[in-house]
Amino acid sequence: HKLLSATVITDDCMTADALATACMVMGLEKAREMILGMEEIDAYLVYSDDEGNFKTWFTEGMIEYLSD
């Protein structure tokens, strides 16, 4: 699959690590489904498109952690 990186923020480190690992195993589409189904987590995913360009997807809650 084309998922290159998964960052997950939640209440505890162990859960965040487990969910990020699960995302990497599942791939982009299934990871997004899982994340959107869990209100208590935020995530930032980096993936490549069909042309090999880097793309990102993130939950609305991640905006506060991002800077220019």
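No hydrogens, no waters, no symmetry mates; every other heavy atom, side chains included, goes into these values.
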Trainee: List the residues meeting side chain to side chain donor-acceptor pair (under 3.5 Å) with Thr59, not counting sequence neighbours, and say none if there are none.
Mentor: Asp42
Trainee: From Ser48 OG over to Leu4 CG, what is the distance, rounded to the nearest 0.5 angstrom?
Mentor: 5.0 Å
Trainee: My understanding is that only residues two or more places apart in sequence, or in another chain, count here; which of them pass side chain to side chain contact (heavy atoms under 4.5 Å, CB included) with Met38?
Mentor: Leu19, Met34, Glu40, Ile41
Trainee: Between Leu45 and Thr56, is any pair of side-chain heavy atoms under 4.5 Å apart?
Mentor: no
Trainee: Is any side-chain heavy atom of Cys23 closer than 4.5 Å to one of Ile35?
Mentor: yes
Trainee: Keeping to residues at least two apart or across chains, list the ring pair (Phe, Tyr, Trp, His ring centres under 6.0 Å) pairs with something in residues 2-43.
Mentor: none
Trainee: Going by side chain to side chain contact (heavy atoms under 4.5 Å, CB included), name the residues that satisfy it together with Asp49, two or more places apart in sequence or in a different chain.
Mentor: Glu51, Asn53, Lys55
Trainee: Specify the closest pair of heavy atoms between Gly27 and Leu3, including all atoms of both residues, with the distance to one decimal.
Mentor: C-CD2, 4.0 Å
Trainee: According to side-chain hydrogen bond (donor to acceptor under 3.5 Å, both in side chains), does anything in residues 16-29 pair up with another residue at least two apart or in another chain? List the pairs.
Mentor: Glu29-Arg32
Trainee: Looking at residues at least two apart in the chain, or sitting in another chain, which of them share a ring pair (Phe, Tyr, Trp, His ring centres under 6.0 Å) with Phe58?
Mentor: Tyr44
Trainee: Quick one: side chain to side chain donor-acceptor pair (under 3.5 Å) partners of Asp12, sequence neighbours excluded?
Mentor: Thr15
Trainee: Decide whether Ile9 and Leu36 are clustered together by the hydrophobic rule: side chain heavy atoms of Ile, Leu, Val, Met, Phe, Trp, Tyr closer than 4.5 Å, transitively.
Mentor: no
Trainee: In the hydrophobic clustering (ILVMFWY, side-chain contacts below 4.5 Å, transitive), which residues join Val25, or is it alone?
Mentor: none
Trainee: Taking only residues at least two apart or on different chains, which pairs with a member in residues 7-27 satisfy ring pair (Phe, Tyr, Trp, His ring centres under 6.0 Å)?
Mentor: none
Trainee: Could you list the residues that satisfy ring pair (Phe, Tyr, Trp, His ring centres under 6.0 Å) with Tyr47, not counting sequence neighbours?
Mentor: none
Trainee: In the single-linkage hydrophobic clustering (I, L, V, M, F, W, Y; side-chain heavy atoms under 4.5 Å), do Val46 and Leu66 co-cluster?
Mentor: yes
Trainee: Can you list everything that forms a salt bridge (charged side-chain N to carboxylate O under 4.0 Å, His left out) with Lys2? Sequence neighbours excluded, please.
Mentor: Asp50
